[in-house]
Amino acid sequence: MSFKAPDLSIKQIYDEVMTTVLGPRPKMATLLLMIILAAIVLHGVFQFFRQSFVGLGVTGLTMPVYWGIYIATFVFWIGVAHAGALISAILRITGAEWKSSITRIAEVITLFTLPAAASFPFIHMGRPGLFYYLIPYPNNRLIWPNFKSPLMWDFFAISTYFIGSVLFLYVTLIPDLGTARPNMKGWRKTLYTILSFGWRGTAEEWKRVKEAAALFSVLILPVVISVHTIVSWDFAMQLVPGWHSEVFGPYFFVGALYSGVAAVFTVMTLLKWRCGFKDLITPIHYDMLGRVFLALGLAWAYLFFNDFLPGYYSNEPDKMAYFRYLAFSHPYSVLFWLMFLTNFVLPIACLSFKGFRMSTVPMFLLSIGVNVGMYIERVLIVFCGTQVYNPLARNVTVYVPSFTEISIVAATFAGVTLGYMLFIRAFPILPIWELAETKIRQTVREIAGKKVYYFKSGE
Amino acid sequence: MGRICAEFAEPDEALAAHRALLDEGIPSQDIEIRSPCPLPEEAIPPHRSHPMRMRNWVRFFWICGAIGGFALAAGSQLDFKIFTGGHPLVSLPIDVIIVYECAMLTGLITTLTFFFIETRRYRKMCPPREEDLPVAEGHVALVVESEEAERAAGILRQRGARSVATLAFLVLFLLAFPGCTVRMRTQPVIKSTAREGVAQPRGTVTMPGLDERKHLYGTVLGYAIPEQVRELDKKDVIVPTAVMRMKNPVPYSARSVQRGREIFGELCVLCHGVKGKGDGPVADEFQPIPADLTDPVTQQKVDGELFWRITIGPSSMPSFYDRLTAEDRFHLVNFIRSLTRK
């Protein structure tokens, strides 16, 4: 099915996108929500400092489970952060025209979830102040980081990805900032002037911004693949039976894309409802992205089963013990089958229907369901791997996250939401220039005997 | 040189006017189109077209980044050796991961850098207010900067430009990046894995612990006399008879005294004072206080005994058994002699 750009002139696109920035002051309810979110964030920060002073004893971590909800949430956020790269890079490279409405929504998700993810290794550390030991620089201690540790690779991959995705977001934001600058007032004017770096919108500049965006897409895609593969090696490189799995690399990566796309659906729907992008986010976008969603769901399911299959056929005792623990033991079996439902049964069943893909509310609910499922998946992998495998004393402590841990995790969720809300208020959340360009590209006209893609507004 | 800006509601009209300007003989490099979104390149004749080299630079720096990443990973593994029981010191699969990430990171940063470098030619850092073109309204602007700006303005008005305005010029320059130096490589450090002994920093005095000293007493001068070791912990030091009979192999001479003075000034003055009077700056800290070396009690002692005492270090004095060669210790004996000899 070919994609038809919305029937709007550049001016109309601009006005519609800029309503979030230039629109009326936010309502009381919104402000209240923001205050509550900020309070949750501050409480999390407080709990973090308390944990730093008192020690990791305030968490529920004891033998045998030494990686708890912190690490699970870390993996989850990294996964959601894959949204940005997938949507922007893959769709840009393949030249999918319907991408324009979605790219920046996805990139901004990365912008906020990646720091949320990256904060967890620090939070998890006994002495967070010493995190700089990870950074390779000629130091006083003359000690280099141990490059043989997957945690070190993590540090490299995540920082590369973060820098890359921020730059990517920024470069594609520059033209819109430059375009919108003259109409801005107050602090936004200053901000836009500084950030737009004197953008003027000449043909030469357009050529280069497109080139840069293409280069970024090509460069960031492999990085994304490496990021979650390396995160999976944190587990797979260890000799814990539930973790020591060859398929973890692709399994984690596909899972990450799956939850990333789900997150894009969630945010997209919220934006559509709250900010009224009626013409710019249409059922066609849902349909198109829904197909990607379905494909990823199937791939995830395949790899999910693949993780257990070799263990099942060889009847490997440790792996089967792990599986039985997941599937049939209290309390995890409830979570396991819930994940099975929301991540596998429901998406595969529903997404194959076009009618379902094009309807907003069901897709919204499904996307939240998938992310709940993905969170459970991470929790199960992180907790149960060590919970089951307990070769030393029969240590039967079942790990339960403490209040401190839950409040810090909640703080990152609140922080990401708050960050997103503030971003929407400050910057255009849809790429105006890409929307306009799609519109122009679809109008072919003839000028001076040459066939050119050409634009006439109102067409 | 005039500079004007004309504004068009429709990209259609703007491009037609652009064409008209070219037909009237205004060179294409003097005209600049500004739009809120990329217009199809086929429709615009090039404006001061510079070749776009971003892609090649990214390729180049990508390779540089890969080399840098390899140097970082492999170099650090060679510099800070973690012995891995038979496995190679530089582990290639791991280096590949670091090389990969470093190459990508450099590629990404290079893209942004060259995006800025390549577009800077056509823009000023912070344009003044007059440069604010209403492209946000969906308008397309034509900026003409030429001798014939007035004539161009006429053509543009005819062509249905909404407004034609004169623009001011202002160029701002970028800031230079300040450099910084790192001195950490050059300063002395102690590596935990270093094999060689640690050099005694100049001007400091080390006090060995009790265990260490017992060990020294046991082996000093090749004598291992358990009773004496036990005795040494008591206040009255029993000196082995062999030591008493030892001859000073270094003859007393000005050179020897000079050498002794050098060492004394470095290691002993803190306690014994410059003149050996036992009144150094930290002397009061000790009980018993450092001996007055000019005292007849000391001077009456034979060379062998002084040598022995410097070697083992009586009570709170440190032992110089492993910090000074035997020869140097005898130079010190000669120096102590010189304190009273006129």
Side-chain angles (χ1 to χ4, degrees), chain A residues 9-11 14 136 138-140 142-148 153 156-157 160 163-164 167 170-171 179-183 193-194 197-212 215-216 219-220 222-223 226 230 432-433 436-437 440-441 447-448 450 452-457, chain B residues 10-12 15 19 32-44 47-50 52 54-55 58 72-73 76-77 79-80 82 91 94-95 97-98 100-101 104-105 107-109 111-112 115-116 118-119 122-127 131-138 182 184-185 189 191:
Chain A
S9 69
I10 299 182
K11 168 92 176 115
Y14 176 84
N139 54 34
N140 226 330
L142 269 196
I143 293 175
W144 290 91
N146 181 6
F147 283 111
K148 289 168 188 165
W153 312 338
F156 266 72
T160 303
I163 294 172
L167 298 186
Y170 176 52
V171 162
T179 306
R181 190 176 56 85
N183 294 12
T193 309
I194 293 168
F197 228 83
W199 175 267
R200 311 170 134 213
T202 60
E204 294 288 336
E205 283 173 332
W206 285 118
K207 228 160 93 185
R208 276 161 181 88
V209 86
K210 282 159 86 177
E211 174 89 351
L215 281 171
F216 272 125
L219 285 169
I220 210 147
V223 174
S226 81
I230 288 175
I432 303 168
W433 67 273
E437 193 198 7
I440 291 177
R441 287 258 151 223
I447 267 208
K450 263 200 279 181
V452 295
Y453 295 98
Y454 195 53
F455 168 84
K456 186 161 191 326
S457 61
Chain B
E10 299 289 334
D12 259 355
L15 287 177
R19 194 152 287 279
E32 194 178 86
I33 298 192
R34 301 219 200 137
S35 52
C37 70
L39 296 174
E41 275 157 36
E42 304 90 321
I44 312 167
H47 158 84
R48 283 181 221 153
S49 204
H50 292 269
M52 190 156 61
M54 204 192 291
R55 207 170 274 218
V58 171
L72 179 70
S76 81
Q77 281 163 40
D79 187 39
F80 190 75
I82 299 170
S91 153
I94 283 148
D95 291 349
I97 296 172
I98 304 296
Y100 179 85
E101 299 297 341
M104 287 301 177
L105 185 61
L108 289 164
I109 292 174
T111 308
L112 184 82
F115 169 71
F116 278 138
E118 293 212 329
T119 47
Y122 316 105
R123 81 160 72 118
K124 295 124 198 174
M125 169 73 173
C126 293
E131 289 276 295
D132 283 351
L133 304 174
V135 280
E137 314 286 304
V182 183
M184 287 174 190
R185 269 277 161 196
V189 287
K191 271 193 184 183

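Numbered from 1 within each chain, the chains take letters A, B, ... in sequence-line order.
- Remark: B/Ile97 pairs with A/Trp153, A/Ile230, A/Trp233 by the side chain to side chain contact (heavy atoms under 4.5 Å, CB included) rule, at least two apart or across chains.
- Nearest heavy-atom pair, A/Phe216 versus B/Leu112, reported as atom, atom and distance to 0.1 Å: CZ-N, 4.0 Å.
- In this structure, CE in B/Met52 is found 4.0 Å from CD in A/Glu211, a value given to the nearest 0.5 Å.
- To the nearest 0.5 Å, atoms CZ (B/Phe115) and NZ (A/Lys210) are separated by 13.0 Å.
- Between the CG atom of A/Leu167 and the CG atom of B/Leu108 there is a distance of 6.5 Å, given to the nearest 0.5 Å.
- To the nearest 0.5 Å, atoms CE (B/Met104) and OG1 (A/Thr160) are separated by 9.5 Å.
- Taking CE of B/Met54 as the start and CZ of A/Arg208 as the end, the distance is 6.5 Å to the nearest 0.5 Å.
- Heavy atoms closer than 4.5 Å to chain B are found in both the backbone and the side chain of A/Leu219.
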